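Accompanying notes for the structure given below.
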2 protein chains.
Amino acid sequence: MQDYEARLEHMLSRLREGGQRITPQRLAILRILASSEGHPSVEEIYNVVTRDFPTTSLATVYKTITLLKELGEVLELEFSQGSNRYDGSKPFPHPHVVCTSCKSIVDPDLESLGAMTAEVCEQTGYKVVNHRMDFYGLCPECQKEKE
Amino acid sequence: MQDYEARLEHMLSRLREGGQRITPQRLAILRILASSEGHPSVEEIYNVVTRDFPTTSLATVYKTITLLKELGEVLELEFSQGSNRYDGSKPFPHPHVVCTSCKSIVDPDLESLGAMTAEVCEQTGYKVVNHRMDFYGLCPECQKEKE
DNA sequence: TTTTCTGCAAATGCTTTGCATGGGA
DNA sequence: TCCCATGCAAAGCATTTGCAGAAAA
């Protein structure tokens with residue numbers, strides 16, 4: 001990821017702008033979110049951070065993520081069963097394609113997204129500002145294994 | 001809803017097929033889900049059911065819904081903050097438009113959905129079998145109130 | 001009569017909060 | 001030094017579970 005450095009710097013700037021302090025724990029959390037490999041959960045972030053800072057608490061991870069959500073610098077994928085997942089490298093709504101077998105996630109680039117959003121607004125009268133779009137299925141690898 | 005009767009009968013049949021008993025509480029819950037006005041939460045279902053059966057417990061509502069989920073006769077919309085919502089009249093994946101203010105939910109009928117799913121498959125190679133598609137925004141009513 | 005379902009209460013799992021202490025700036 | 005952030009523990013919520021009594025079939 002060559003975008004990683006830029007994302008990290010951007011997040012740090014946003015925190016500083018808001019008069020927030022850059023603590024070692026926060027820096028460690030930001031590093032993980034800036035790359036967002038595998039759309040980590042709070043638990044996963046916590047497990048990585050505590051390698052370097054063993055006393056870090058889950059509460060601190062939650063508080064830092066709450067802060068970043070307020071700044072619009074992290075995307076939260078909500079799941080009512082199981083934990084939420086986070087994407088700090090692309091902190092804006094975008095579609096995900098999730099493999100139901102190996103849990104891999106890819107981000108498709110859908111031409112028809114704009115047209116669909118327009119169709120929603122026109123048909124319902126809602127002023128759409130956000131979306132959650134997940135497709136579930138078998139990735140190419142897992143399709144082969146099922147044969 | 002002229003489909004309401006048919007949906008209710010279908011759900012009852014599925015329960016009977018599975019050797020499940022039709023209790024007054026279950027019947028009341030099925031009635032609400034078969035019409036699914038407003039994509040009710042467990043709390044909302046509970047509030048209605050207890051009008052006729054005041055001793056009904058939340059646990060019974062949860063257990064009945066779990067049963068219907070296993071039969072594929074209700075669609076669960078998961079939300080990690082706030083309660084889940086349920087659709088028993090259209091128990092298959094379909095797009096929803098959610099008002100971020102009053103929490104109302106409507107079902108748009110999107111022409112472009114098929115094309116988008118095809119685009120996802122073509123671009124990623126995944127075999128898509130399911131989706132979660134929510135649009136968030138202000139409903140017409142809540143737009144007026146904000147003026 | 002035989003199971004199964006109900007309803008209460010306790011338990012669970014994720015997340016948030018309160019507060020005293022510690023550590024950035 | 002002055003606050004803000006941390007970390008612990010407790011609280012909050014939605015949901016699930018265990019079990020004794022109630023009620024379908």
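We name chains A, B, ... by the order of the sequence lines, and we start the count at 1 in each one. Since we're looking at a predicted model, the values are computed, not measured.
A cation-pi arrangement is present between R132(B) and F79(B), with the terminal nitrogen or guanidinium carbon under 6.0 Å from the aromatic centre and inside a 45° cone about the axis.
Among the candidates I29(B), L27(B), L30(B), the single residue satisfying the side-chain contact (heavy atoms from CB on, under 4.5 Å) test with M11(B) is L30(B). Screening V98(A), L77(A), N84(A) against H39(A) for a side-chain contact (heavy atoms from CB on, under 4.5 Å) leaves a single residue, L77(A).
Within 6.0 Å of atom CD in E78(A), more than 12 heavy atoms from other residues, nucleotides or ligands are found, so the atom counts as buried in its surroundings.
If you check dG7(D), dA24(D), dT6(C) against the side chain of Q25(A), the one that comes closest is dG7(D).
Put simply, the side chain of R21(B) and the base of dC5(C) share no donor and acceptor less than 3.5 Å apart. Side chain R26(B) to base dC5(C): no donor-acceptor pair is found below 3.5 Å.
Contact check, T55(B) against dT6(C): no side-chain N or O comes under 4.0 Å of OP1 or OP2. At dC5(C), none of the side-chain N or O atoms of T23(B) fall inside 4.0 Å of OP1 or OP2 (strictly under the cut-off).
Taking atom CZ of residue R85(B) and atom P of nucleotide dA14(D), one finds them 13 Å apart after rounding to whole Å. Rounded to a whole Å, the CG atom of L27(A) is 12 Å from the P atom of dT6(D). Going from atom CG of L77(B) over to atom P of dT15(D) covers 12 Å, rounded to whole Å. Atom CG in L67(B) sits roughly 14 Å away from atom P in dT17(D) (whole-Å rounding). When rounded to the nearest whole Å, the span between CD1 of I29(A) and P of dG7(D) equals 9 Å. F53(A) places its CZ atom 15 Å from the P atom of dC8(D), with the value rounded to the nearest Å.
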Q. Which letter, B, S or -, goes with each nucleotide of nucleotides 14-21 of chain C from 5' to 3', with contact meaning a protein heavy atom under 4.0 Å?
A. SBBBB---
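In this structure a side-chain-to-backbone donor-acceptor pair under 3.5 Å is missing from H131(A) to V129(A).
Under the 4.5 Å side-chain contact rule for hydrophobic residues, L15(A) and Y4(A) share a cluster.
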Q: Start with the C-alpha gap between Q25(A) and T64(A), add the side-chain angles, then the distance that decides, and say whether side chain to side chain contact (heavy atoms under 4.5 Å, CB included) holds.
A: CA-CA 9 Å; Q25(A) 293 91 333; T64(A) 301; over 6 Å; no
